Amino acid sequence: PKQQQQQQPGTGTNNNGWDDDNYDYIIHPGELFYDGRYRIKERIGKGSFGQVVRADDLLENVEVAIKIIKSKKPFLMQAKTEIELLTHLTEIDTHDQHNVVRLLRHFMYRNHQCLVFEMLSLNLYELLKNTQFGGVSLNLIRKFAKQVLKALAFLARKDVDIIHCDLKPENILLRHPKKSGVKVIDFGSSCRSNKRMYSYIQSRFYRSPEVMLGLPYSVAIDMWSLGCILAEMHTGEPLFSGSDQFDQMQKIVKLLGMLPDEMIEQANEQHRMQFFERAMLSSTGRVGWTIKQINTTGATSRSGNTGGTQSQPSNTTAPKKPVIPSQDPISSLMEVIRAETNRKKKYPSSETGNSPQNYDLFVDLIHRMLAYDPRQRIKPQEALQHPFIMGSTSTTA
Ligand SMILES: COc1ccc(N)cc1-c1cnc(N)c(C(=O)c2cccnc2)n1
């Protein structure tokens with residue numbers, strides 16, 4: 001039989017040669033999409049979903065961001081969910097008042113789903129990088145917090161009911177590089193709270209306890225993420241930078257103390273035994289739940305979902321450091337949030353809002369966002385009434 005033409009690896013003509021080996025469309029600056037309406041300029045971002053390019057809309061004479069999804073079925077399916085959710089959001093938010101990115105239109109191009117968005121600017125991680133990870137003032141954080149809370153309040157509305165599922169600094173973008181207006185982007189992992197499909201969601205540093213325990217989750221998981229984000233925006237460092245799921249839980253317990261027994265016992269055996277064990281508690285002199293004593297190793301990677309060194313079971317005689325915090329969560333949070341800033345103290349509090357009173361309010365709000373029980377966790381509408389958010393300089397962008 002005729003020798004089957006062997007294709008050399010890497011020369012695969014994927015999708016008629018339009019794609020690279022990773023199902024991504026090969027970007028040609030100047031190329032015209034959508035019957036000549038969009039002229040592609042450059043790639044500005046890359047993700048598991050595909051790529052984001054900057055383009056000129058030659059009809060409306062504006063710049064747009066086009067998210068070009070990989071030409072592979074799972075990514076295409078997820079993009080169709082994102083389009084459904086974003087279309088629903090844009091229809092309800094007719095006057096663009098809820099700080100959620102607007103999907104302008106979508107189309108297929110050479111087997112790639114393309115989503116056209118208004119062009120936004122740098123994300124909050126890039127903003128932190130520009131401060132050399134020194135963090136930003138409480139006044140600026142108040143402005144960011146108020147806008148993201150408005151977005152979360154909108155998503156939590158009964159007629160919207162969408163869980164973002166991947167809130168993190170990279171998914172909050174400035175509208176303009178020199179202004180404080182922000183929008184929430186990337187609904188590629190989102191779902192309706194009554195249509196939860198996945199249990200392994202959220203980027204690790206921002207992952208809520210109920211998701212880590214495999215429990216049913218709700219819009220409250222985005223509030224946990226926001227609590228972590230606001231702390232990070234001020235200190236410049238992730239609040240909980242776990243190198244893996246266990247280390248993540250260990251860091252959370254170290255700061256906030258043990259989770260409620262009810263939550264731990266609601267989890268199935270597989271999830272529970274990943275983190276906790278029964279032991280004699282010195283605090284009560286009785287048997288109770290405690291976090292497993294495992295020595296963790298390795299640096300932490302920002303990718304959040306993957307990477308980082310796995311915790312190793314303690315097969316060594318490494319001293320077992322007590323993981324339960326030495327003081328109450330509020331004091332621990334205050335210590336973390338003020339420690340970094342004292343070292344990098346720059347401006348008088350009159351300009352930055354970094355007064356002791358404001359710190360107390362800021363820490364109280366973060367603490368309420370990090371309530372273990374999602375039913376106790378502060379709701380977006382309540383948080384918008386919190387004294388820190390209502391503070392003197394809280395002007396919306
Ligand atoms: C300067 O803008 C960006 C830079 C890098 C990246 N990765 C994205 C953007 C950008 C700009 N404007 C937007 N509207 C968006 C998005 O909506 C977006 C980006 C990634 C995934 N989903 C949505 N993304």
Side-chain angles (χ1 to χ4, degrees), residues 22-25 27 29 33-34 37-57 60 62-72 74-90 93 96-107 109 112-130 144 147-148 151-152 154-155 162-191 201-203 206 222 225 229 302-305 397:
N22 205 13
Y23 312 103
D24 269 319
Y25 185 71
I27 303 298
F33 280 27
Y34 201 58
R37 174 166 182 174
Y38 299 112
R39 181 173 52 220
I40 304 303
K41 295 167 82 172
E42 60 183 336
R43 187 170 77 188
I44 51 177
K46 215 165 161 43
S48 54
F49 55 82
Q51 327 169 76
V52 185
V53 297
R54 185 190 304 272
D56 284 330
D57 177 344
E60 305 261 348
V62 288
E63 247 193 355
V64 293
I66 303 182
K67 189 173 182 178
I68 306 175
I69 305 297
K70 285 179 178 170
S71 60
K72 194 80 177 152
F75 299 102
L76 181 63
M77 300 309 290
Q78 190 59 37
K80 291 207 176 307
T81 304
E82 183 178 8
I83 289 169
E84 266 169 44
L85 295 175
L86 281 165
T87 305
H88 182 61
L89 288 175
T90 305
D93 184 12
D96 190 10
Q97 293 167 314
H98 299 289
N99 306 322
V100 168
V101 70
R102 292 185 85 71
L103 177 66
L104 302 175
R105 61 196 61 77
H106 56 89
F107 54 86
Y109 181 73
H112 290 268
Q113 179 70 59
C114 297
L115 290 79
V116 184
F117 294 101
E118 57 182 322
M119 186 70 215
L120 297 173
S121 183
L122 68 162
N123 65 54
L124 293 195
Y125 179 72
E126 289 162 330
L127 185 70
L128 271 190
K129 209 163 46 179
N130 295 349
F144 291 156
Q147 296 170 80
V148 178
L152 295 189
F154 176 59
L155 296 176
I162 287 176
I163 312 172
H164 184 281
C165 294
D166 196 16
L167 201 60
K168 55 185 176 181
E170 292 89 332
N171 283 340
I172 301 171
L173 270 55
L174 296 181
R175 290 170 184 238
H176 309 288
K178 299 270 185 254
K179 295 183 182 170
S180 59
V182 293
K183 281 203 165 191
V184 174
I185 68 160
D186 198 352
F187 287 77
S189 312
S190 306
C191 67
I201 54 169
Q202 300 188 291
S203 293
Y206 311 96
D222 292 333
S225 305
I229 293 165
R302 257 205 78 76
S303 64
N305 263 328

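Since the model is a prediction, treat every value here as computed from it, not as a measurement. When reading the values below, keep in mind they use all heavy atoms of this one structure, side chains included, and skip hydrogens, waters and symmetry mates. In listed order, ligands and their atoms are each counted from 1.
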Within 45° cone of Tyr206 ring axis and under 6.0 Å: Lys168 NZ or CZ: no
Contact (N/O only, under 3.5 Å) between Glu118 and ligand 1: yes
Distance-only N or O hit between ligand 1 and Leu120, under 3.5 Å: yes
Residue pair Val182 / Asn99: nearest heavy atoms and the distance that separates them: O-CB, 3.8 Å
Sub-4.0 Å atoms of ligand 1 with respect to non-hydrogen atoms of Val52: 19 (C), 20 (C)
Backbone or side-chain N or O of Glu82 under 3.5 Å from ligand 1 N or O: no
Donor-acceptor pair, side chain of Glu60 and main chain of Asp57, under 3.5 angstrom: no
Nearest-contact summary for atom 22 (N) of ligand 1 - protein heavy atom, Å: Lys67 NZ, 3.0 Å
Output field: ring centroids Phe107/Tyr34 closer than 6.0 Å: yes
Protein contact to atom 7 (N) of ligand 1 [nearest heavy atom, distance to 0.1 Å]: Gly45 CA, 3.5 Å
Winner among Ile44, Val53, Ile69 once heavy atoms are compared against atom 5 (C) of ligand 1: Ile44
Protein residue, atom and distance nearest to atom 19 (C) of ligand 1, heavy-atom basis: Ile185 CD1, 3.6 Å
Ser121 heavy atom under 4.0 Å from ligand 1: yes
Atoms of ligand 1, numbered as shown, that sit under 4.0 Å from any heavy atom of Val101: 14 (N), 17 (O)
Part of Leu173 with heavy atoms under 4.0 Å of ligand 1, whether side chain, backbone, both or neither: side chain
Cation-aromatic face contact Lys67/Phe49, 6.0 Å, 45 degrees: yes
Polar side chain donor-acceptor pair, Glu82 to Ser190, under 3.5 angstrom: no
Met119: numbered ligand 1 atoms lying under 4.0 Å from its heavy atoms: 1 (C), 2 (O), 11 (C)
Parallel, tilted or perpendicular: rings of Tyr25 and Tyr109 (30°, 60°): perpendicular
His164 NE2 to Ile201 CD1 distance, which is reported to the nearest 0.5 Å: 11.5 Å
